[in-house]
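Read the numbers this way: they start at 1 and go in the same order the structure lists the ligands and their atoms.
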Amino acid sequence: MSEVREYLYKILVVGDLGTGKTSIIRRYVHNIFSSNYKSTIGVDFALKVIQWSPEIIVRLQLWDIAGQERFGNMTRVYYKEALGAFVVYDVTRPQTFEGVTKWKHDIDSKVTLPEAWGGGNIPVVLLANKSDLIHEGHGQQVNAEDMDRFCAEQGFLNWFETSAKEDTNIDEAARHLMTAVLKIE
Ligand code: GTP
Ligand code: MG
């Protein structure tokens with residue numbers, strides 16, 4: 001029988017205030033959702049253990065970074081040794097999409113892959129969250145072509161329309177990022 005290998009990966013979750021970072025993580029890790037908003041202070045942590053394949057167990061250490069931290073000076077410390085990231089925006093609030101470019105730039109300027117893996121930017125996936133509200137008539141439809149182009153230009157691995165409330169696409173987005181992170185080594 002082949003040996004089981006275990007990997008521990010640090011993954012960042014960033015984005016503007018109230019975009020749903022904590023909710024996405026709680027859905028992903030605990031499969032719960034609450035509509036009460038309690039803003040994260042500083043940073044929170046969560047661990048998700050995935051049986052990736054019969055031989056591979058992945059432990060994802062998720063760093064849930066408060067939206068307000070974009071205006072602080074701690075992100076460099078929080079980003080240290082991260083191997084992947086999600087940038088989240090709220091599809092009902094266009095100004096949070098403007099934050100996306102800023103967060104991506106913040107990540108790219110403060111964290112790189114280890115030298116042993118060739119350095120370079122860590123893989124980042126963009127999440128267009130609260131898609132359930134679009135279907136209820138709030139905000140604008142996400143244009144797939146525009147998003148593909150935006151991701152190519154800004155160096156995102158890919159984008160997903162997610163809903164923490166309805167549990168849409170969160171596993172898919174995580175699997176996508178994990179595939180990229182596992183390829184790094
Ligand atoms: P900060 O910690 O302040 O940076 O915010 P955050 O990004 O962690 O946002 P949080 O997860 O706390 O969610 C903010 C609000 O949006 C809460 O009231 C959530 O219930 C709501 N919310 C989050 N995700 C969704 C979603 O997919 N759909 C809907 N309808 N509401 C959501
Ligand atoms: Mg939060």
Side-chain angles (χ1 to χ4, degrees), residues 9-48 60-80 82 84-111 122-144 146-147 150-151 154 156-177:
Y9 294 138
K10 172 174 172 178
I11 304 296
L12 310 171
V13 184
V14 300
D16 282 356
L17 274 173
T19 52
K21 302 174 293 295
T22 301
S23 302
I24 287 169
I25 292 169
R26 293 179 82 201
R27 172 61 80 189
Y28 184 51
V29 176
H30 306 293
N31 202 19
I32 50 172
F33 176 80
S34 159
S35 47
N36 293 328
Y37 177 28
K38 195 166 156 282
S39 200
T40 305
I41 312 280
V43 63
D44 260 334
F45 306 95
L47 186 73
K48 170 85 174 179
L60 289 189
Q61 195 182 71
L62 299 158
W63 286 52
D64 176 6
I65 296 167
Q68 64 192 15
E69 290 296 310
R70 182 151 64 78
F71 309 100
N73 44 25
M74 285 299 286
T75 58
R76 188 182 297 278
V77 176
Y78 297 151
Y79 294 172
K80 218 170 175 301
F86 293 105
V87 176
V88 185
Y89 80 97
D90 175 344
V91 292
T92 69
R93 289 185 295 137
Q95 69 273 26
T96 66
F97 186 74
E98 287 163 31
V100 165
T101 320
K102 293 169 182 152
W103 281 106
K104 178 67 164 64
H105 179 79
D106 198 49
I107 293 170
D108 290 348
S109 63
K110 292 176 181 166
V111 62
I122 63 170
V124 185
V125 167
L126 175 60
L127 303 181
N129 191 44
K130 309 196 187 180
S131 63
D132 58 286
L133 293 177
I134 295 185
H135 305 136
E136 278 179 16
H138 305 272
Q140 266 211 312
Q141 274 308 334
V142 177
N143 181 300
D146 289 349
M147 288 292 274
F150 178 81
C151 284
Q154 301 292 325
F156 284 95
L157 191 62
N158 211 337
W159 65 278
F160 290 83
E161 226 181 64
T162 58
S163 167
K165 186 177 179 187
E166 295 185 341
D167 195 8
T168 310
N169 264 343
I170 294 172
D171 282 310
E172 287 78 359
R175 221 172 299 135
H176 195 85
L177 182 61

K.L.:
Run the numbers for me: atoms of ligand 1, each under 4.0 Å from some heavy atom of Ser34, listed by number.
P.N.:
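Those of ligand 1 that fall under 4.0 Å from Ser34 are 19 (C), 20 (O).
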K.L.:
Any N or O on Ala164 sitting closer than 3.5 Å to an N or O of ligand 1?
P.N.:
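In this structure, Ala164 places an N or O atom under 3.5 Å from an N or O of ligand 1.
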K.L.:
Could you state the interatomic distance from CZ (Phe45) to CD1 (Ile65), rounded to the nearest 0.5 Å?
P.N.:
8.5 Å
K.L.:
Would you mind checking if Lys104 and Asp108 are paired as a salt bridge, meaning a charged N to carboxylate O distance below 4.0 Å?
P.N.:
yes
K.L.:
Apply the side-chain contact (heavy atoms from CB on, under 4.5 Å) test between Phe86 and each candidate in Val125, Asn129, Val14, Ile170; give the one that qualifies.
P.N.:
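Single side-chain contact (heavy atoms from CB on, under 4.5 Å) partner of Phe86 among Val125, Asn129, Val14, Ile170: Val125.
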K.L.:
Students should be able to answer this: which protein heavy-atom is nearest to atom 7 (O) of ligand 1, and at what distance?
P.N.:
Lys21 NZ, 2.7 Å
K.L.:
Which atoms from ligand 1 have a heavy atom of Leu17 less than 4.0 Å away?
P.N.:
3 (O), 4 (O)
K.L.:
Evaluate the side-chain proximity of Val43 to Glu69: yes if any heavy-atom separation is below 4.5 Å, no if none is.
P.N.:
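No, too far: nothing below the 4.5 Å cut-off.
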K.L.:
Please report the interatomic distance NE2(His138) to OG1(Thr92), rounded to the nearest 0.5 Å.
P.N.:
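Spacing of NE2 (His138) from OG1 (Thr92) equals 8.0 Å.
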K.L.:
Which option out of Ser23, Gly15, Ser163 puts a heavy atom nearest to atom 19 (C) of ligand 1?
P.N.:
Ser23
K.L.:
Among all the protein's non-hydrogen atoms, which is closest to atom 5 (O) of ligand 1, and how far away is it?
P.N.:
Gly18 N, 2.9 Å
K.L.:
For atom 17 (C) of ligand 1, which of the options Tyr37, Phe33, Tyr89 provides the nearest non-hydrogen atom?
P.N.:
Tyr37
K.L.:
In ligand 1, which numbered atoms sit nearer than 4.0 Å to a non-hydrogen atom of Gly67?
P.N.:
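So the atoms of ligand 1 that pass are 4 (O).
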K.L.:
Ligand 1 versus Thr162, non-hydrogen atoms closer than 4.0 Å: side chain, backbone, both, neither?
P.N.:
neither
K.L.:
Can you check which of Thr22, Ile170, Asp167 brings a heavy atom nearest to atom 8 (O) of ligand 1?
P.N.:
Thr22
K.L.:
Which of the atoms of ligand 1 are close to Asn129, meaning less than 4.0 Å from one of its heavy atoms?
P.N.:
24 (N), 25 (C), 27 (O)
K.L.:
Ignoring angles and geometry beyond distance, decide whether Ser35 reaches within less than 3.5 Å of ligand 1 through its nitrogen or oxygen atoms.
P.N.:
yes
K.L.:
Taking the Mg ion (ligand 2) as the vertex, measure the angle between atom OG1 in Thr40 and atom OG1 in Thr22; round to 10°.
P.N.:
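Between OG1 of Thr40 and OG1 of Thr22, the angle at the Mg ion (ligand 2) is about 90°.
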K.L.:
Can you pull out the closest protein heavy atom to atom 9 (O) of ligand 1? Residue, atom name and distance to 0.1 Å, please.
P.N.:
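Here the nearest protein heavy atom works out to Gly20 N, 3.1 Å.
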K.L.:
Ligand 1 and Ser39, any nitrogen or oxygen pair closer than 3.5 angstrom?
P.N.:
yes
K.L.:
Which atoms of ligand 1 are found less than 4.0 Å from any heavy atom of Asp132?
P.N.:
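Numbered from 1, ligand 1 contributes 26 (C), 27 (O), 28 (N), 29 (C), 30 (N).
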K.L.:
Only one of Leu126, Leu127, Val91 passes side-chain contact (heavy atoms from CB on, under 4.5 Å) with Thr162; say which it is.
P.N.:
Leu127
K.L.:
Out of Asp64, Thr40, Val88, Leu60, which residue meets the side-chain contact (heavy atoms from CB on, under 4.5 Å) rule with Ile25?
P.N.:
Asp64
K.L.:
Starting from atom 22 (N) of ligand 1, what is the nearest protein heavy atom, named by residue and atom, and what distance separates them?
P.N.:
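It is Lys130 CE, 3.7 Å.
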K.L.:
Are the side chains of Val142 and Trp159 in contact, using a 4.5 Å heavy-atom criterion?
P.N.:
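Yes, at least one pair of side-chain atoms sits under 4.5 Å.
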K.L.:
Which ligand 1 atoms are under 4.0 Å away from a heavy-atom of Leu133?
P.N.:
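It comes down to these atoms of ligand 1: 30 (N).
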K.L.:
For a quick test of reading the model, state the closest non-hydrogen atom pair linking Gln68 to Ile41 and the distance between them.
P.N.:
NE2-CA, 4.3 Å
K.L.:
What is the ring orientation for Trp63 with Tyr78, classed by angle as parallel under 30°, tilted 30 to 60°, or perpendicular over 60°?
P.N.:
tilted
K.L.:
What heavy-atom pair brings Val77 and Lys10 nearest, and what distance separates the two atoms?
P.N.:
O-NZ, 4.4 Å
